[in-house]
Amino acid sequence: MLTATRLRTDYLTDPIGLGNPRPRLFWTCDGGTAQTAYRIVATRDGDSVWDTGKVSSSKMTGHEWSGSVLLSRDRVKWRVQVWDEDDRPGGWASATFEMGLLHARDWEATWITGDYTPNKKHRYPVDQFRRSFQGRQVASARLYVTACGVYDAHLNGARVGDVILAPGFTDYHSRLYYQAYDVTDLITDGANTIEIAVAEGWYRGSIGALGARNVYGTQTKLLAQLELTYADGNRDIISTGNGWGWSDDGPLRFADLKDGERVDLNREPSYRGAARETAFSLVPTAADNVTPREKERFTPTVSRTPSGVQLLDFGQNIAGYVELTAQACRGQQLRLQFAEHLDAEGELDMAAIQVRAGKPNASPQQRIDLTLAEGHNSYKTRFAVFGFRYAIVTGDIELATKDITAIAVYSDMAQTGRFTSSHPLVNQLVQNTLWSMKGNFLDVPTDCPTRERAPWTGDAQIFTRTGTFLMDTAAFMRKWLRDLEDRQMPDGRVPCVAPDTHNNEVFGMDQLKAMAGAAGWADAAVLVPWQLYELYRDETILRDSYDMMKRHVEFQITRTNRTGLFGKRFPKADRKYISNVGQAFGEWLEPTDVYKQSVLKDLIAPHPEEATAYLAFTSRIMADVARLLGREEDIPLFEEYARGCAEAYARQFTPVDSNRQSKMVRPLAFGLLDGQTADETFAKLVAAIEARDYRVGTGFLSTPLILPVLSKWGRTDIAYRMLENEAEPGWLFQVRSGATTVWENWDGTASRNHYSPGSVCQWIFETVCGVDLTGEQEFTIAPQPGGTLTHASFSYDSIYGTVTSAWRREGDHTAYEISVPSNTIAHIRLSGGTVATVGAGTWTYREASTRAR
């Protein structure tokens, strides 16, 4: 029987506090071949608010709400029934969603803050706010809360929800989110107490590479509204304002996202002070996003460093924090400091994660200082997250394995991709990439969880497709695209980092502001929504981002037909289509034996080759997007620059006069070359790869492109040799060196948790196992066995259901097993010549083995 499964509202499961007044409904199908019709029925308080009737359609995704107008706080139960290919109805499946506070007038609460005037040069204890009230039996209770800073809330001593570092990171000048919690079970008859702690977070705390503080404000503040609904329909609202107690004398003497926490476990907040009313210019809105939560837990092995310091090894590099217990005497001290790896002498290495390592103001500190109480002590980090595998323990006591646990913290995205093969190092590479994603997808996609922890646009655009194969990123990236648009400048320029972290601020100036619009980084404005569309087939992603995408390309066009101070000179005929002004990074992070970076060449001068290639590429994508969305008036401009930039590129940047792989990969990947020029460029690329003995020679932008280019041109055999190469520089060199996450650079001297080089996994999923979503409810499965692999399997929980492609060499034959989800089709193309179009089910094939080439 065909039934609907995995029901979601706006990509979320049973959300509370939804902000979209016209939410969209999604499901997948299971237990049959094809959906031929559906019926959606929705009720509010038992009354029907939407009934589609039986609709003849195979559509499972993006059903926009067309029922009664949804109001603030509405709780809706919706059900769906589907009919199969024989017109037989399946059973009903149900889900719920609840609307949040949709209008400014819904907020009765007033902003409050602590009773002190902050000084930018000082660091402060955590503010704690409290209010007591009388309660009685409630039918429902909801807490709506946000902060300038990060908060956690407790009702009658119990923690409210499981969201970590709420309300998350945004550009607080443009947008602030709130969370909604169901606290019905926490309300008691009689006396109740709500307590909310607010720490500095991204708002006032240390962010960016140099630990800039007070980036968004100096005064942390709180807004909360507890709504109690009784069985008789009456309501009470307990909201922030006058009457809330305040204290800063509790145990958290200091708490910073990157630097850590200083805690005195002998203290309790007195609440002798009174909160002050204050104001904030923005009305909070719903994030409609997955939230950071506690995830996997790890226990350490315990040893000592050569200097005799106690060392904890948790076995996996993560972003997270710790929970510990300790027996102690009152006043004893305990310090933990965290890092990703050890130096050559076996001591904790902070140099790779601190810009000013060794100096008192080095950031991040990644340190916990505890003053212990008499007897049994319990501690868990509340307002900091560290990037670490190792920790050292110093002070008056030591810890045993049983005393401490590391907890991974990341946004609550479901894992969607699972890969395995006969090659243990390749399997570990995929796992390392997944762990680097987990370590950096905490409300925003950051480059690393340590030194910078900055949401770099370039990293995001490189990794979006890989990341969406690995985890369900739809809600997460939708939120981040709003962050990106919030940071877009009036002229259309897109920054390198969004939200802003003052990432490299020196003498009060952020050098990255001058880099806004950098090719390959700013192009995230186009490439991220486009790649999300390709894997979710959701036009709404493109519609919501279209203005940002268009303005970005129009700005990049203004950089053509000009020659800046450091720009190269080009013939007049091509100058119109060559981008030749503006600071940029170029390829960035190529192996040093291939290309040595310099400040002048790679941070000050324009990069016409890279910039022109990206303008041609994004213009072509924008022409397709405009056509898809019916924006016919925009197509001519985009087509002109797609064509003009490609032709100018071919004339001015080919033939390539160096052996840098990136210079050959990019034009081939972006389709900028035709005919003999393309053939000659590819031949030169192959020669350059062979000359490096199949080691990686590309940098930041082109590393994700090189293996797909090789396969596109029929040399998957070379791609396998590069992937499986264990020499430095290479992906498996890191794995062989003991990496549990992906490193920023090939030798591991910088951050050891950068997901972007792991984008090679896209090729593993799309070529080794051959899985690609090529249309609505339509896959192409075209695996290319090769290299030393004797078997490989990839399973992907797509927007339309789980698709699996597996192959195994059996003597002189290769056996394939392909599973296609209900209500979809797959075009199968196997390397031995088999071609088939199939529907739902599991399909097996056996062909004479061929080696990928």
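Everything quoted here is computed from the prediction, not taken from an experiment.
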Run S579 and T560 through side-chain hydrogen bond (donor to acceptor under 3.5 Å, both in side chains) and show every step you take. CA-CA 4 Å; S579 178; T560 62; over 6 Å; no

Hey, is the main chain of [Y] close enough, under 3.5 Å, to the side chain of [X] for a donor-acceptor pair?
X    : Y    : value
T612 : I578 : no
W521 : A516 : no
T170 : R175 : yes
W588 : Q597 : no
S798 : Y800 : yes
D447 : A454 : yes
E539 : L629 : no
S711 : P708 : no

Please check if any side-chain donor atom of [X] sits under 3.5 Å from a side-chain acceptor atom of [Y], or the reverse.
X    : Y    : answer
S58  : Q35  : no
T780 : H827 : no
N20  : D10  : yes
T446 : E452 : no
S702 : S662 : no
T473 : T468 : yes

Test F794 against every option in F419, F765, F779 by the ring pair (Phe, Tyr, Trp, His ring centres under 6.0 Å) rule and name the one that passes.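 The ring pair (Phe, Tyr, Trp, His ring centres under 6.0 Å) with F794 is passed solely by F765 among F419, F765, F779.
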
So among F653, Y577, Y649, which one has a ring pair (Phe, Tyr, Trp, His ring centres under 6.0 Å) with F570?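 One option only clears the test, and that one is F653.
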
Partner set under side-chain contact (heavy atoms from CB on, under 4.5 Å) for N745, not counting sequence neighbours: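 Scan of N745 (side-chain contact (heavy atoms from CB on, under 4.5 Å), adjacent residues dropped) gives D747, T749, A750.
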
The criterion is side-chain contact (heavy atoms from CB on, under 4.5 Å); which residues satisfy it with E64, sequence neighbours excluded? R22, R24

After noting the C-alpha distance and the side-chain angles of D459 and T457, does the key distance pass the side-chain contact (heavy atoms from CB on, under 4.5 Å) rule? CA-CA 6 Å; D459 298 65; T457 52; over 6 Å; no

Which of parallel (below 30°), tilted (30 to 60°) and perpendicular (above 60°) describes H63 and Y38?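 Perpendicular: the ring planes of H63 and Y38 meet at over 60°.
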
Anything under 30° is parallel, anything over 60° is perpendicular, the rest tilted; go ahead and classify F441 against Y755. perpendicular

Write down the atom of S759, the atom of T466, and the distance for their closest heavy-atom approach. O-OG1, 3.1 Å

Smallest separation among heavy atoms of F638 and A623, with atom names: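 It is CB-N, 3.7 Å.
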
Test salt bridge (charged side-chain N to carboxylate O under 4.0 Å, His left out) applied to D472 and R8, step by step: CA-CA 12 Å; D472 182 4; R8 294 186 297 164; 2.5 Å; yes

Could you walk me through whether T802 and D797 pass the side-chain hydrogen bond (donor to acceptor under 3.5 Å, both in side chains) check? CA-CA 4 Å; T802 303; D797 300 337; 2.7 Å; yes

Given the ring of F476, does R478 sit roughly above its face, with NZ or CZ under 6.0 Å from the centre of the six-membered ring and within 45° of the axis? no

Show every donor-acceptor pair shorter than 3.5 Å between a side-chain atom in residues 550-558 and any protein atom, with sequence neighbours excluded, or say none if there are none.
| unit_1 | atom_1 | unit_2 | atom_2 | d |
| --- | --- | --- | --- | --- |
| K550 | NZ | D634 | OD1 | 3.1 |
| R551 | NH1 | Q488 | OE1 | 3.0 |
| R551 | NH2 | M489 | O | 2.7 |
| R551 | NH2 | P490 | O | 3.1 |
| H552 | NE2 | D523 | OD1 | 2.9 |
| Q556 | NE2 | G517 | O | 2.9 |
| T558 | OG1 | F555 | O | 2.5 |

Does E632 have more than 12 heavy atoms from other residues, nucleotides or ligands lying within 6.0 Å of its CD? yes

Within a reach of under 6.0 Å around CZ of R721, are more than 12 heavy atoms found that belong to other residues, nucleotides or ligands? no

Taking [X] first and then [Y], would you say they form a salt bridge - that is, a charged N and a carboxylate O separated by under 4.0 Å?
X    : Y    : value
E639 : R627 : yes
D602 : K596 : no
D500 : R487 : yes

Taking the six-membered ring where the residue is Trp, are the ring centres of [X] and [Y] under 6.0 Å apart?
X    : Y    : result
Y720 : W763 : yes
W456 : F700 : no
Y11  : Y536 : yes

Applying side-chain contact (heavy atoms from CB on, under 4.5 Å) to L527 and T464, what does each step give before you reach the verdict? CA-CA 9 Å; L527 299 180; T464 292; over 6 Å; no

So how far is it from [X] [atom1] to [Y] [atom2], rounded to the nearest 0.5 Å?
X    : Y    : atom1 : atom2 : result
T416 : M471 : OG1   : CE    : 7.5 Å
N440 : C448 : CG    : SG    : 6.5 Å
F169 : K479 : CZ    : NZ    : 8.0 Å
L668 : T681 : CG    : OG1   : 5.5 Å
M60  : E776 : CE    : CD    : 10.0 Å
I621 : W530 : CD1   : CH2   : 7.0 Å

In sequence, state the C-alpha distance, the side-chain angles, and the governing distance for E640 and K576, and then conclude on salt bridge (charged side-chain N to carboxylate O under 4.0 Å, His left out). CA-CA 11 Å; E640 176 191 348; K576 179 180 179 182; 3.2 Å; yes

Could you walk me through whether T654 and T677 pass side-chain hydrogen bond (donor to acceptor under 3.5 Å, both in side chains), step by step? CA-CA 8 Å; T654 58; T677 303; 5.3 Å; no

Are the side chains of P571 and Q652 in touch, meaning some heavy atoms are under 4.5 Å apart?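 Yes, close enough: below the 4.5 Å cut-off.
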
Would you indicate whether the side-chain heavy atoms of V528 and L481 approach each other to under 4.5 Å?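 Touching, per the 4.5 Å side-chain cut-off.
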
Evaluate the criterion side-chain contact (heavy atoms from CB on, under 4.5 Å) for residue pair Q661 and R692; output intermediate values, then yes/no. CA-CA 10 Å; Q661 294 174 13; R692 283 183 61 77; 3.4 Å; yes

Report the C-alpha separation of I799 and L535 in whole Å, then their side-chain angles, then the decisive distance to 0.1 Å, and conclude whether the side-chain contact (heavy atoms from CB on, under 4.5 Å) test is met. CA-CA 8 Å; I799 188 67; L535 284 179; over 6 Å; no

Taking side chain to side chain donor-acceptor pair (under 3.5 Å) as the criterion, tell me which of R666, K663, H607 meets it with E587. R666

